[in-house]
Amino acid sequence: MSSPASSPASSPVASPARPGVLAALPAGTAATVRVPATSANLGPGFDAFGLALDLCDEVRAEVVAGAGLRVGVQGQGAGAVPTDERHLVVRVLREELAAAGFTAPGLDVLCRNAIPHGRGLGSSASAIVAGLAAARALLRAAGVVAEDEAQVRDRVLLEASRREGHPDNAAPAVHGGFTIAWTRGEDPTHPDAVRCVRLAVHPDVRAVVCVPAEELATSRARALLPATVPHGDAALTAGRAGLLVHALTADPSLLLDATEERLHQAQRAPAMPGSARLLGALRAEGLAAVVSGAGPSVLVLTDEPGVERVRALAAPGTWDVHARPVQDAGVQTVPGR
């Protein structure tokens, strides 16, 4: 299914009385959105391929009377992330409301988080997508914008990719499934600046995520990448990326070869030696293991019997192993919540 981010953002049905003045959304306006975890790169698909996983964060936002902000965080990140205007979901939500000409002077936000932070599972992209989607849902609930689902997803993908700097996590967070995303042109705000296609994953494929206790900042992982790569390494990786599309969608027996790459995993190994060791052990046993995103989590694409083989190789106490289905749905508005 092709999901190009090409529809223009809808115009408000009602707008502020004066240019530059934000209109307040009515108290009682509320919306809940759910966003999946994502794994980017998948080995050779650097900055382009992504997979949505059945591990979801849920955000509820409500406009309340008066002024002020209340942020609650449950699950992952509780006690660690800011609970004021610095909270990423809140920042993005307010920016998106303001871009449409509206504000929420009084705002309650509750985040129920299941996605581990700083582990290469797209937690920042999911937070950005949640903030954008919650803002669009509030605008629709208040009756001040009229837009269909395709327009919402196009808008959220465009803005999330602009904030992230690349669309590999944003695309599966928005559309679900296995996505291939790319950018076009020089203007990141152009409606056609980000495009993606969503492909159905073969029903035999199981995703297993091995999550370590330690975190790794994406900025640190990116700093280890060389400015240039040998032509042969680029050629091999490009070929494997093409093969991976076929393996994931039609022939999972090819996944081990298809997940080989030479652009980023070995280069980042010094920042995550435990992940590099597990990656090597899994691949030596014929399991299609890759670093999830920038790491340090390790993703294994396997079949049902392979799930227990992964558990046997990932030492308990060192790795938290999650066997998760591919999440077919991307960001969703949860009715009645």
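In this chain, numbering begins with 1 at the start of the sequence shown.
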Any chance you could lay out the side-chain hydrogen bond (donor to acceptor under 3.5 Å, both in side chains) test for R136 and T333, step after step, and finish with the verdict? CA-CA 10 Å; R136 304 313 302 181; T333 301; over 6 Å; no

Shortest non-hydrogen contact between [X] and [Y], atoms and distance:
{"X": "V92", "Y": "G131", "value": "CG1-C, 4.0 Å"}
{"X": "A135", "Y": "L97", "value": "O-CD2, 3.8 Å"}
{"X": "A30", "Y": "R60", "value": "CB-NH2, 3.7 Å"}
{"X": "A160", "Y": "L132", "value": "N-CD1, 3.5 Å"}
{"X": "G293", "Y": "S39", "value": "N-OG, 4.2 Å"}
{"X": "S292", "Y": "G120", "value": "OG-O, 2.7 Å"}

[X] versus [Y]: any side-chain heavy-atom pair under 4.5 Å?
{"X": "P212", "Y": "S297", "value": "yes"}
{"X": "F102", "Y": "L22", "value": "no"}
{"X": "C111", "Y": "V59", "value": "yes"}
{"X": "R94", "Y": "L69", "value": "yes"}
{"X": "Q76", "Y": "S123", "value": "no"}

Does [X] belong to the same Ile/Leu/Val/Met/Phe/Trp/Tyr cluster as [Y], with side-chain heavy atoms less than 4.5 Å apart forming each link?
{"X": "L256", "Y": "V205", "value": "no"}
{"X": "L244", "Y": "W182", "value": "yes"}
{"X": "F49", "Y": "V197", "value": "yes"}
{"X": "V73", "Y": "V33", "value": "yes"}
{"X": "V326", "Y": "L199", "value": "yes"}

Pairing of [X] and [Y] as salt bridge, 4.0 angstrom limit:
{"X": "R119", "Y": "E215", "value": "yes"}
{"X": "E96", "Y": "R155", "value": "yes"}
{"X": "E260", "Y": "R240", "value": "yes"}
{"X": "E159", "Y": "R163", "value": "yes"}

Determine yes or no for a side-chain-to-main-chain donor-acceptor pair under 3.5 angstrom, with [X] supplying the side chain and [Y] the backbone.
{"X": "R198", "Y": "G176", "result": "yes"}
{"X": "D57", "Y": "A114", "result": "yes"}
{"X": "Q267", "Y": "R262", "result": "yes"}
{"X": "H264", "Y": "G43", "result": "yes"}
{"X": "R70", "Y": "L110", "result": "no"}
{"X": "D54", "Y": "P325", "result": "no"}
{"X": "T83", "Y": "V71", "result": "no"}
{"X": "R309", "Y": "E285", "result": "yes"}
{"X": "D47", "Y": "N41", "result": "no"}
{"X": "D187", "Y": "T189", "result": "yes"}

Rounded to the nearest 0.5 Å, what's the gap from [atom1] on [X] to [atom2] on [Y]? Could you check?
{"X": "R91", "Y": "D84", "atom1": "CZ", "atom2": "CG", "answer": "10.0 Å"}
{"X": "I115", "Y": "H117", "atom1": "CD1", "atom2": "NE2", "answer": "7.5 Å"}
{"X": "D168", "Y": "I180", "atom1": "CG", "atom2": "CD1", "answer": "12.5 Å"}
{"X": "H231", "Y": "L236", "atom1": "NE2", "atom2": "CG", "answer": "12.0 Å"}
{"X": "R86", "Y": "L88", "atom1": "CZ", "atom2": "CG", "answer": "12.5 Å"}
{"X": "L225", "Y": "Q265", "atom1": "CG", "atom2": "CD", "answer": "11.0 Å"}

L282: which other cluster members, linking ILVMFWY side chains closer than 4.5 Å, directly or transitively? V208, L216, M272, L278, L279, L287, V291, V298, V300, V307, V310, L313, W319, V321

Go through it in stages, so that I can follow the logic: the residues are S161 and T183, the test is side chain to side chain contact (heavy atoms under 4.5 Å, CB included), and I'd like the CA-CA distance, side-chain angles, deciding distance and then a yes or no. CA-CA 9 Å; S161 301; T183 58; 5.9 Å; no

Mark yes when over 12 heavy atoms from residues, nucleotides or ligands other than R222 sit less than 6.0 Å from its CZ; otherwise mark no. yes

Output, in order, the C-alpha distance, side-chain angles, deciding distance and verdict of side chain to side chain contact (heavy atoms under 4.5 Å, CB included) for V331 and R153. CA-CA 8 Å; V331 62; R153 291 182 186 274; 3.9 Å; yes

After noting the C-alpha distance and the side-chain angles of L51 and V201, does the key distance pass the side chain to side chain contact (heavy atoms under 4.5 Å, CB included) rule? CA-CA 9 Å; L51 194 68; V201 175; 3.9 Å; yes

Can you confirm whether the side chains of T32 and E58 place a donor and an acceptor under 3.5 Å from each other? no

Can you list the steps and then say if L55 with V209 is a side chain to side chain contact (heavy atoms under 4.5 Å, CB included)? CA-CA 11 Å; L55 185 69; V209 183; over 6 Å; no

